[in-house]
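Throughout, protein chains are lettered first and strands after them, A, B, ... in sequence-line order, and every chain is numbered starting at 1.
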Amino acid sequence: TFTQNIVIHCLVKVGRYGEAIELFNSMREKRTICPPDVVTYTSIMYSYSVCGQAENCKVVFDMMVAEGVRPNIVSYNALLGAYASHGMHKEALETFKLLKQNGLRPDIVSYTSLLNAYGRSAQPEKAREVFNEMRKNACKPNKVSYNALIDAYGSAGMLKEAISLLHEMERDGIQPDVVSISTLLTACGRCRQLTKIDTILAAAKSRGIELNTVAYNSGIGSYLSLGDYEKALELYALMRTCNVKPD
RNA sequence: UCGUAUAUAUUCG
């Protein structure tokens, strides 16, 4: 079972989902030799999540329960992640409640996924509530949690709040990273505040955060989305100067 | 890091 799980994991990572499911089904058929365990089911749930098939992710989750394997926190988190990626906050919240009903404690991944579900459905205030609840339950938000909340505000047009989280995280002892910066650069375009791009680039520089390709793309994309081609080209030139590869 | 699974950024059809 352990060996097969590793193979399934590899197949999923390289995008050979059909073969992963084939192997999964063969394990279920010959249950006496290598029966699927909680990791097997969860890996398959994850593969459906990656394919954007939240419904099938839930089907496998139910299948696991029906076949006598207890979902653990990672299984619930995989389902939460599938819902979150589609902004399906209602289903995500139900899953979150269900996990607690089954005696499991939400961990940082659970909270961050639920937060993200609200962020993706344009409900930054609900995302903030989840963030606060996380702390109340002695679950310290990390870099990923902060970045997800920054994106929740940025996607909702609340650039001020997004930027102030940069300072809030530092006060909390957490260093912003290139994802934080990239998220904010994207937010500048969505919030139509291109003048903040320079502010954010300066903030990155002063913290020693090196921008990568995605981060430059974010900034250039923000300029382009509002038609500021001059600034877009300028940023592209900076990217070349810094030896960051365009894609 | 200590044999396998889960959460955050650019592309908006």
Can you name the one residue among A:Phe96, A:Phe131, A:Tyr146, A:Tyr118 that meets ring pair (Phe, Tyr, Trp, His ring centres under 6.0 Å) with A:Tyr111?
->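 Of all the options given, the one that passes is A:Phe96.
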Looking across every strand, which nucleic acid part, if any, lies under 4.0 Å from [X] by heavy atom: base, sugar-phosphate, or nothing?
| X | answer |
| --- | --- |
| A:Asp37 | nothing |
| A:Thr183 | sugar-phosphate |
| A:Ser43 | sugar-phosphate |
| A:Asn142 | base |
| A:Asn72 | base |
| A:Thr112 | base |
| A:Tyr46 | sugar-phosphate |

What is the distance from [atom1] of [X] to [atom2] of [N], rounded to the nearest Å?
| X | N | atom1 | atom2 | result |
| --- | --- | --- | --- | --- |
| A:Tyr216 | B:rU10 | OH | C1' | 14 Å |
| A:Ile181 | B:rU10 | CD1 | P | 14 Å |
| A:Ile44 | B:rU4 | CD1 | P | 18 Å |
| A:Lys140 | B:rA7 | NZ | C1' | 18 Å |
| A:Leu149 | B:rU8 | CG | C1' | 11 Å |
| A:Tyr153 | B:rU8 | OH | C1' | 16 Å |
| A:Leu166 | B:rU8 | CG | C1' | 14 Å |
| A:Tyr76 | B:rU6 | OH | C1' | 14 Å |

Please name the pair of heavy atoms, one in [X] and one in [Y], separated by the smallest distance, quoted to 0.1 Å.
| X | Y | answer |
| --- | --- | --- |
| A:Met239 | A:Asn217 | CE-OD1, 4.4 Å |
| A:Ser180 | A:Leu166 | CB-CD1, 4.2 Å |
| A:Ile174 | A:Pro141 | CD1-O, 3.1 Å |

Of the listed nucleotides ([options]), which one gets closest to any side-chain atom of [X]?
| X | options | value |
| --- | --- | --- |
| A:Thr42 | B:rA9, B:rA5, B:rU4 | B:rA5 |
| A:Lys13 | B:rA7, B:rU4, B:rU6 | B:rU6 |
| A:Ser218 | B:rU8, B:rU10, B:rA5 | B:rU10 |
| A:Ser182 | B:rA7, B:rA9, B:rA5 | B:rA9 |
| A:Val144 | B:rA7, B:rU10, B:rU4 | B:rA7 |

Is the shortest side-chain N/O distance from A:His9 to OP1 or OP2 of B:rU4 below 4.0 Å?
->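 A:His9 to B:rU4 OP1/OP2: no side-chain N or O under 4.0 Å.
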Heavy atoms of other groups near A:Lys100 NZ, more than 12 under 6.0 Å =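 Count over threshold, so yes.
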Roughly how far, to the nearest 0.5 Å, is the NZ atom of A:Lys97 from the OG1 atom of A:Thr95?
->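 So the gap between those two atoms works out to 11.0 Å.
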Distance, P atom - from B:rA5 to B:rU1, rounded to whole angstrom = 13 Å
Inter-nucleotide C1' distance (B:rU10, B:rU6), Å rounded | 23 Å
What pairs of nitrogen or oxygen atoms, one from the protein and one from nucleotides 11-13 of chain B, lie under 3.5 Å apart?
{"from": "B:rC12", "atom 1": "N4", "to": "A:Arg190", "atom 2": "NH2", "distance (Å)": "2.4"}

Can you check whether any acceptor in the base of B:rA7 is under 3.5 Å from a donor in the side chain of A:Asn147, or vice versa?
-> no
With distance as the sole criterion, do the side chain of A:Asn77 and the base of B:rA5 form a donor-acceptor contact below 3.5 Å?
-> no
Residues 82-89 of chain A, side-chain donor-acceptor partners within the protein, below 3.5 Å, at least two apart:
{"from": "A:Ser85", "atom 1": "OG", "to": "A:Gly81", "atom 2": "O", "distance (Å)": "3.4"}
{"from": "A:Ser85", "atom 1": "OG", "to": "A:Ala82", "atom 2": "O", "distance (Å)": "2.9"}
{"from": "A:His86", "atom 1": "NE2", "to": "A:Gly52", "atom 2": "O", "distance (Å)": "3.1"}
{"from": "A:His89", "atom 1": "ND1", "to": "A:Ser121", "atom 2": "OG", "distance (Å)": "3.3"}
{"from": "A:His89", "atom 1": "ND1", "to": "A:Gln123", "atom 2": "NE2", "distance (Å)": "3.3"}
{"from": "A:His89", "atom 1": "NE2", "to": "A:Gln123", "atom 2": "NE2", "distance (Å)": "3.4"}

I'd like to know if the side chain of [X] pairs up with that of [Y] as donor and acceptor (distance under 3.5 Å, no hydrogens or angles considered).
| X | Y | value |
| --- | --- | --- |
| A:Tyr41 | A:Glu67 | yes |
| A:Ser110 | A:Asp107 | yes |
| A:Asn132 | A:Arg135 | no |
| A:Asn116 | A:Asp151 | no |

Which ranges of RNA chain B pair up as stems, where a stem means three or more consecutive Watson-Crick or G-U pairs with both distances under 3.5 Å?
-> none
Near-parallel close stack of A:Tyr111 and B:rA7 base (under 5.5 Å, under 30°) | no
